[in-house]
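Following: one structure in structure tokens, then a few remarks.
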Amino acid sequence: MADSQTDETVQKLYTNLKIGKADKGDVEIEAEIPLTVLDSFVADVIARASKDLALPGFRKGQVPEELARKHLDEMHVLEDAADLALREI
């Protein structure tokens, strides 16, 4: 029963989900993550990264989210958000 609930949740969050085995016992996961789902993970990644961010005029960890977003590498943030999203499977 719990497995069917997990499958339903996964299907709601991701599309075209493929889980397969890769070399050396690794698991390969491919999925399309809708932007609406990814946005919540992006916010989490930015919040975590801003704790270590120091900008002139702000103490370390006190940088507003909008300023932090401008100073963080967007591709790195998206990759980290996708990684967090896939860990939810």
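Please read all numbers here as calculations on a predicted model, not as lab measurements.
- Interatomic distance, CD1 of Ile33 versus CG of Asp39, reported as 11.5 Å (0.5 Å rounding).
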Which side-chain N or O atoms in residues 66-75 pair as donor and acceptor under 3.5 Å with protein atoms at least two apart or in another chain?
unit_1: Arg69; atom_1: NH2; unit_2: Glu65; atom_2: OE2; d: 3.3
unit_1: His71; atom_1: ND1; unit_2: Leu67; atom_2: O; d: 2.9
unit_1: Asp73; atom_1: OD2; unit_2: His76; atom_2: N; d: 3.3

Might you work through the side-chain contact (heavy atoms from CB on, under 4.5 Å) test for Val45 and Leu78, ending with a clear yes or no? CA-CA 9 Å; Val45 168; Leu78 290 173; over 6 Å; no

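- Between Leu84 and Arg48 the shortest side-chain heavy-atom distance falls below 4.5 Å.
- Atom-to-atom distance recorded for Ile29:CD1 and Asp83:CG is 9.5 Å, nearest 0.5 angstrom.
- The nearest pair of heavy atoms linking Ala47 to Ser50 is O-OG, 3.0 Å.
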Output, in order, the C-alpha distance, side-chain angles, deciding distance and verdict of side-chain contact (heavy atoms from CB on, under 4.5 Å) for Lys51 and Val63. CA-CA 8 Å; Lys51 289 180 182 178; Val63 177; over 6 Å; no

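- Lys60 places a side-chain heavy atom less than 4.5 Å from the side chain of Asp52.
- Hydrophobic clustering places Val37 together with Val77 (ILVMFWY residues linked when any side-chain heavy atoms are closer than 4.5 Å, directly or through intermediates).
- Taking each heavy atom of Leu17 and Ala31 in turn, the nearest pair found is CD1-CB, 3.7 Å.
- The structure places NZ of Lys18 at 10.0 Å from CD of Glu28, a figure rounded to the nearest 0.5 Å.
- The line from CG of Leu53 to CZ of Phe58 is 10.0 Å long, rounded to the nearest 0.5 Å.
- Closest approach of Phe41 and Ala81 over heavy atoms only: CB-O, 3.6 Å.
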